Every structure is written in C-alpha cells, then in structure tokens.
Protein chains: 2
Amino acid sequence: MTIDDFNWKILKCLQQNARMSNAEIGRRVGMTSPAVSERIKKLEDAEVIQGYTTFISPLEVGYQLKALITLRAFMGMLKPFLEKVKTYDEVVNCYRITGNENIVMEVVLKNQKHLEIFIDQLISYGETKTQIILSHVVKYSEVKPPTK
Amino acid sequence: MTIDDFNWKILKCLQQNARMSNAEIGRRVGMTSPAVSERIKKLEDAEVIQGYTTFISPLEVGYQLKALITLRAFMGMLKPFLEKVKTYDEVVNCYRITGNENIVMEVVLKNQKHLEIFIDQLISYGETKTQIILSHVVKYSEVKPPTK
DNA sequence: AGTGAAAGTGATATACG
DNA sequence: CGTATATCACTTTCACT
C-alpha cells in the first residue's frame, strides 16, 4: 500500500489522538470527512492501522511497579512459554528477541510481593532477569515517515 | 480516584478500541451516552486515562527492523542522553531502569544500515546492547483491575 | 478518489429525578 | 450520579465529478 502525504497526516492525527473525529481530521489535512473516512478504512484493511487503544496509568489503577523481565528459556520450554505468556494479566507487552535471551516482557505489578509471585511462576520456563522501570522517558512516540 | 466496575468496563472498551463511540460503550456497560461521556471526562481529568493512540504497523510503512537497545551510560552522560533521546524519531519507547544498564529503548529502523547509523549515534553516551525483535508475542495487552 | 447533500446516528448542554 | 430531552455536530450513503 502506498502512503501519501495525506495518509501520513491522517496517521499523525490518529496517533496523537485516536478519538479525533473524522471531521476534525479533515479540517487539519484539508479534506472532507467522507474522504478521511474512506482513507482510514483502507488503511485499516491494509493493516497499516492495527488498532486504536487507550493509555491508562498503571499507578492510578493500582499497579505500583512496572518492570522489564527477560527470560532465557530452558531447552524445549520456549514454545510452551509463548502460549502461556498470553494468559498472564501482568504482561502488557512481550517480545521474542535475538541473542542468548529469548524473551523480554513488560509487566505491571501491584507491589514487590506480586513481583516475587510472578517471577516464581516463570522459573519452570527458564532463567529470568528483572529490571524495574524507574520512568518512562519516551512514551509511545508517534511513528513518522522514514526518510528515503 | 475510585474506579468502580462501570469505570473498568468503560476502560476495557476504550483499551480494546479507543474509537468506540460513547453510545456504543453505553450499550455495552448499560448506561446512557451522557453518563459515559462524563465518566470518561473524569477519568481523563484524573489522568487515569493518559491518551488515545493508534497502532500502526512499522513494517507496512517502511521500517523493516524493530530492536531493543540497552544503554549503559558513561559517567555524566545519562542526563544529556535523557534529553537527546526525545529527539530520535527511531525511538518509540524509552525506559529508565534499575541495574547496571540504565536505559532500554524500543526502536524502529529501515534496515541494517539504519541500525548501524543509529547505534553509532549512541556510542558517545555509553555502551549499547542490541536485541533484534523477532516477533511481538503480546501486543499492548489491556490493563485489567488488579486482584485485591 | 474526492465532493456535496440527505438521512441517520452520536455528542453535548440543560432540566430534572 | 444518573436519565431524558433537545439541539447541534458528525458519520454514512449515494449521486455526481
């Protein structure tokens, strides 16, 4: 799919505020709302747009800790883990990566006790490394057009 | 701020699809749209809701590579880096973490050459470790109410 | 692929339980 | 804190370009 300047402007608006109305987007990019609506639908169909979500503050809803947990899976335990990880409510993001370690997870936790209990659940799958997140320096920065 | 069952249901809807109309949310949670509207406004004011965004596929828009880059900052270089990192278009997320390493960044890159150029920009700030992301196993899973 | 207009639906402000 | 109503805005469809 080709993404022209209009589509990039629409994507910029939607990344900044997914709840912006098509009419408002139209005003900003210089188009009518039916035109915006159709372009968004095509971007969705082409899976350029993969969804719309809301950031909620983990702290405000009762999660005092955020952490990155790296897993080096034991022989034969990676595949079962890849299924299991989907069921953990604590895991907000999970990446499979190259290198000695196989998995990095971003997790939200109520407190240290919760962290301990969560890590205990992982020991059968592999060795873990925990890095507590102190601050979120850059938060879901918008994806911009790559320079050619 | 207290988050009752209604608010959790609203947050669930908004996390699953930030562009869902207030009327549709109202149907799902059993409320009229003005009531939903007012609750959302209060959640925004209390910064429980921190924003609404759109996921776009880095691959579809021209970024072939995603990576996690870990930085162990040189003496006195952490603070300047925390300012600099905000200016990198490649950095989608950046966390400050506990431990020997100070920073983990999630980056999008056009290709290997781009990765090389990007890492070169970091060498004055500290030692880097690069882990290429192979797949996104759990993608921005919704935050659920913590079990009491 | 975008515009303009009509009809349907959603958002918002106000009055009222 | 919620509903009900009215007004205004937005979305969607369609004929036309």
Side-chain angles (χ1 to χ4, degrees), chain A residues 1-63 140 142-146 148, chain B residues 1-63 140 142-146 148:
Chain A
M1 166 150 196
T2 62
I3 300 168
D4 62 13
D5 285 355
F6 277 119
N7 278 347
W8 271 113
K9 283 181 187 169
I10 291 170
L11 289 173
K12 182 178 179 175
C13 291
L14 287 174
Q15 286 186 91
Q16 286 171 359
N17 176 11
R19 279 176 79 76
M20 192 180 291
S21 69
N22 295 345
E24 177 59 27
I25 295 168
R27 273 174 230 121
R28 298 192 186 195
V29 309
M31 242 188 248
T32 58
S33 71
V36 171
S37 174
E38 203 175 310
R39 277 172 173 266
I40 291 175
K41 186 185 274 289
K42 282 180 184 169
L43 288 165
E44 287 169 353
D45 291 344
E47 289 176 45
V48 173
I49 292 175
Q50 300 196 315
Y52 308 97
T53 199
T54 297
F55 297 137
I56 77 173
S57 165
L59 205 81
E60 292 288 336
V61 301
Y63 294 102
Y140 305 97
E142 80 184 68
V143 177
K144 298 195 179 72
K148 280 285 144 43
Chain B
M1 166 151 198
T2 62
I3 300 171
D4 61 12
D5 286 354
F6 278 120
N7 279 347
W8 270 114
K9 283 181 187 170
I10 291 169
L11 289 173
K12 182 177 180 175
C13 290
L14 287 173
Q15 287 185 91
Q16 285 171 359
N17 177 13
R19 280 175 79 75
M20 193 181 290
S21 70
N22 294 348
E24 176 60 26
I25 295 168
R27 272 176 232 120
R28 298 191 185 196
V29 308
M31 241 188 252
T32 58
S33 72
V36 172
S37 175
E38 203 174 309
R39 276 171 174 267
I40 291 176
K41 188 185 275 287
K42 282 179 183 167
L43 288 165
E44 286 168 352
D45 290 345
E47 290 177 42
V48 174
I49 291 176
Q50 300 195 316
Y52 307 97
T53 199
T54 297
F55 297 137
I56 76 172
S57 165
L59 205 83
E60 291 289 335
V61 301
Y63 295 101
Y140 305 99
E142 78 183 72
V143 178
K144 298 194 178 74
K148 278 281 143 45

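Computed from a predicted model, the values in this text were never measured in an experiment.
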Heavy atoms, side chains only, cut-off 4.5 Å: are A:N7 and A:V48 in contact? no
Minimum-distance nucleotide to A:T32 side chain [options: C:dG4, C:dA11, D:dT11]: C:dG4
Within residues 35-45 of chain B, those residues having any heavy atom closer than 4.0 Å to DNA chain D are B:A35, B:R39, B:K42
Report the distance from atom CD of B:E24 to atom P of C:dG10, rounded to the nearest whole Å. 8 Å
Starting at atom CE of A:M31, determine the distance to atom P of C:dT3, rounded to an integer number of angstrom. 7 Å
Among D:dT11, C:dT12, D:dT3, find the nucleotide with the atom closest to the side chain of B:N22. C:dT12
Say whether, by atom type as modelled, one donor and one acceptor occur between the side chain of A:T54 and the main chain of B:Y52 under 3.5 angstrom. no
Distance in angstrom units between B:M20 CE and C:dA11 P, rounded: 12 Å
For the CD atom on B:Q16, are there more than 12 heavy atoms of other groups (residues, nucleotides or ligands in this structure) within a distance under 6.0 Å? yes
Scan A:S33 against the nucleic acid and name what it touches under 4.0 Å (heavy atoms): base, sugar-phosphate only, or nothing. base
Flag the pair A:K41 and A:E44 as a salt bridge only when some basic side-chain nitrogen lies within less than 4.0 angstrom of an acidic carboxylate oxygen. no
Given pairs defined as Watson-Crick or G-U wobble with both distances under 3.5 Å, what dot-bracket annotation applies to DNA chain C, with ( ) intrastrand, [ ] crossing, | other strand and . unpaired? ||||||||||||||||.
Looking only at non-hydrogen atoms, find the nearest pair between A:S37 and A:N22 and report the distance. CB-ND2, 3.7 Å
Short heteroatom pairs, N/O only, protein and nucleotides 14-16 of chain D, under 3.5 Å:
none

Quick one, B:L43 and B:M1 - any side-chain contact, counting heavy atoms below 4.5 Å? yes
Between CD on residue B:E24 and OG on residue B:S33, distance to nearest 0.5 Å: 11.5 Å
Test item: B:R19 and A:L14 side chains (from C-beta on) under 4.5 Å apart, heavy atoms: yes
Testing B:V29, B:D4, B:D5 for side-chain contact (heavy atoms from CB on, under 4.5 Å) with B:I10, which one passes? B:V29
Could you state the atom-to-atom distance from NZ of A:K9 to C1' of C:dG2 in whole Å? 16 Å
Min side-chain heavy-atom separation A:K12-A:R28 under 4.5 Å: no
With a 4.5 Å limit on heavy-atom distance, are the side chains of B:V36 and B:M20 in contact? no
Would you indicate what A:R19 reaches in the nucleic acid, counting non-hydrogen atoms under 4.0 angstrom: base, sugar-phosphate, or nothing? nothing
Verify the contact: side-chain N or O of A:R27 to OP1 or OP2 of D:dC10, cut-off strictly under 4.0 Å; return yes or no. yes
